[in-house]
Amino acid sequence: MSSATSPPILLPISNSNSNSESQPPIATPAFRAFINHLSESLRHGLSQRRPWTELADRSAFSKPDSFSDAALRIRKNYSYFRVNYLSVIALTLAFSLLSHPFSLLVLLGLLSSWLFLYLFRPSDQPLVLFGRTFSEKETLGLLTVTSIFVIFLTTVGSLLISALLVGVGVVCVHGAFRVPEDLFLDQQENPASGFLSFLSGAATNAAVAAARV
């Protein structure tokens with residue numbers, strides 16, 4: 001009788017989320033969603049670039065009459081060639097980093113630290129380094145201090161600033177000498193939906209995907 005009245009033995013129920021929680025950050029749905037939306041938005045932004053032959057049309061170059069005329073040309077040309085100009089700046093940064101492999105590796109390591117140690121790390125898995133457990137605030141503070149040190153106190157920061165200044169200088173020179181009268185400036189898209197909007201869109205979609213996990 002005692003065996004008949006004894007309560008049944010309950011077997012553990014496997015949680016479907018346990019597998020996703022044990023996955024590395026690079027294999028989580030949030031990270032995959034971030035990469036997918038990033039690549040889609042990047043392709044969409046690049047599809048809106050103007051023809052490079054139009055950018056390099058020699059017949060459309062002339063010396064500006066004054067500084068105000070040059071500033072007006074830069075503003076109009078940037079509104080029209082925005083994606084092309086940002087691509088030039090990005091290529092300048094990429095060339096500078098590729099010519100300095102150590103700085104490139106340091107920057108990639110810093111970016112990977114933010115992605116895998118903070119942004120896409122499961123919230124129920126604290127960061128453990130050298131046998132010490134770090135809280136969310138401690139992790140954020142450690143990454144922030146490391147970023148400040150790498151960007152402002154090493155050659156990486158000077159390299160990025162120099163490359164950015166060179167790229168912006170090339171864009172400003174082209175925009176000042178390119179006559180914009182032949183450009184269809186009245187058909188421009190909203191600047192908020194331009195080439196750089198993929199960052200906010202991809203991050204938002206990644207946050208939504210992470211909330212659903």
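Trp114 is connected to Val156 through a chain of hydrophobic side-chain contacts under 4.5 Å among Ile, Leu, Val, Met, Phe, Trp and Tyr, so both are in one cluster. Val170 and Leu91 fall into different hydrophobic clusters, defined by Ile, Leu, Val, Met, Phe, Trp and Tyr side-chain heavy atoms under 4.5 Å apart, directly or through other members. Cluster membership check: Leu72 does not share its hydrophobic cluster with Val168, using side-chain heavy-atom separations under 4.5 Å among Ile, Leu, Val, Met, Phe, Trp and Tyr. Linking ILVMFWY residues whenever their side-chain heavy atoms come closer than 4.5 Å, directly or via other members, places Val106 and Leu98 in the same cluster. Note on Phe116: it clusters hydrophobically with Leu140, by side-chain heavy-atom contacts below 4.5 Å among ILVMFWY residues.
Here the side chain of Ser79 pairs no donor or acceptor atom with the backbone of Arg75 at under 3.5 angstrom. The closest donor-acceptor contact from the side chain of Arg50 to the backbone of Tyr80 lies under 3.5 Å. With hydrogens and angles ignored, the 3.5 Å screen pairs a side-chain donor or acceptor of Asn77 with a backbone N or O of Arg178.
Other residues sharing a hydrophobic cluster with Leu105 under the 4.5 Å side-chain heavy-atom criterion for ILVMFWY residues do not exist; the residue is a singleton. With a 4.5 Å cut-off between side-chain heavy atoms of Ile, Leu, Val, Met, Phe, Trp and Tyr, the cluster of Phe177 takes in Phe61, Val173.
Under the side-chain hydrogen bond (donor to acceptor under 3.5 Å, both in side chains) criterion, Thr154 pairs with no residue at all, not counting sequence neighbours. Residues passing the side chain to side chain contact (heavy atoms under 4.5 Å, CB included) test with Ser162, sequence neighbours excluded: none. The side chain to side chain contact (heavy atoms under 4.5 Å, CB included) check on Pro101 picks up nothing, with sequence neighbours excluded. With sequence neighbours excluded, the residues that form a side chain to side chain contact (heavy atoms under 4.5 Å, CB included) with Ile148 are Thr144, Phe152.
A heavy-atom distance below 4.5 Å is not found between the side chains of Ser87 and Asn84. Using a 4.5 Å cut-off on side-chain heavy atoms (C-beta onward), Val166 and Ile89 make no contact. Using a 4.5 Å heavy-atom cutoff, the side chains of Phe81 and Val171 are not in contact. Using a 4.5 Å heavy-atom cutoff, the side chains of Leu110 and Ser147 are in contact. Under the 4.5 Å side-chain criterion, counting only non-hydrogen atoms from C-beta, Tyr85 is in contact with Leu55.
Counting all heavy atoms, side chain and backbone alike, Ser103 lies closest to Thr155 at OG-OG1, 3.9 Å. The shortest heavy-atom contact between Ala163 and Leu93 is CB-CD2, 3.5 Å. When all heavy atoms are compared, the tightest approach of Val179 to Ser62 is CG2-OG, 3.0 Å.
For the atom pair CZ (Phe95) and NE2 (His100), the distance works out to 9.5 Å, reported to the nearest 0.5 Å. Here CD1 of Ile151 is found 12.0 Å from CG of Leu159. Values are rounded to the nearest 0.5 Å. Here OG of Ser135 is found 10.5 Å from CG of Leu142. Values are rounded to the nearest 0.5 Å.
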Are Leu143 and Ser113 close enough, and set up right, to give a side chain to side chain contact (heavy atoms under 4.5 Å, CB included), and what steps lead you there? CA-CA 8 Å; Leu143 290 173; Ser113 300; 3.8 Å; yes
Derivation of the side chain to side chain contact (heavy atoms under 4.5 Å, CB included) call for Leu160 and Leu107: CA-CA 10 Å; Leu160 293 177; Leu107 194 62; 4.2 Å; yes
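Residues Arg73 and Ser68 have side chains that never bring a donor and an acceptor to within less than 3.5 angstrom of each other.
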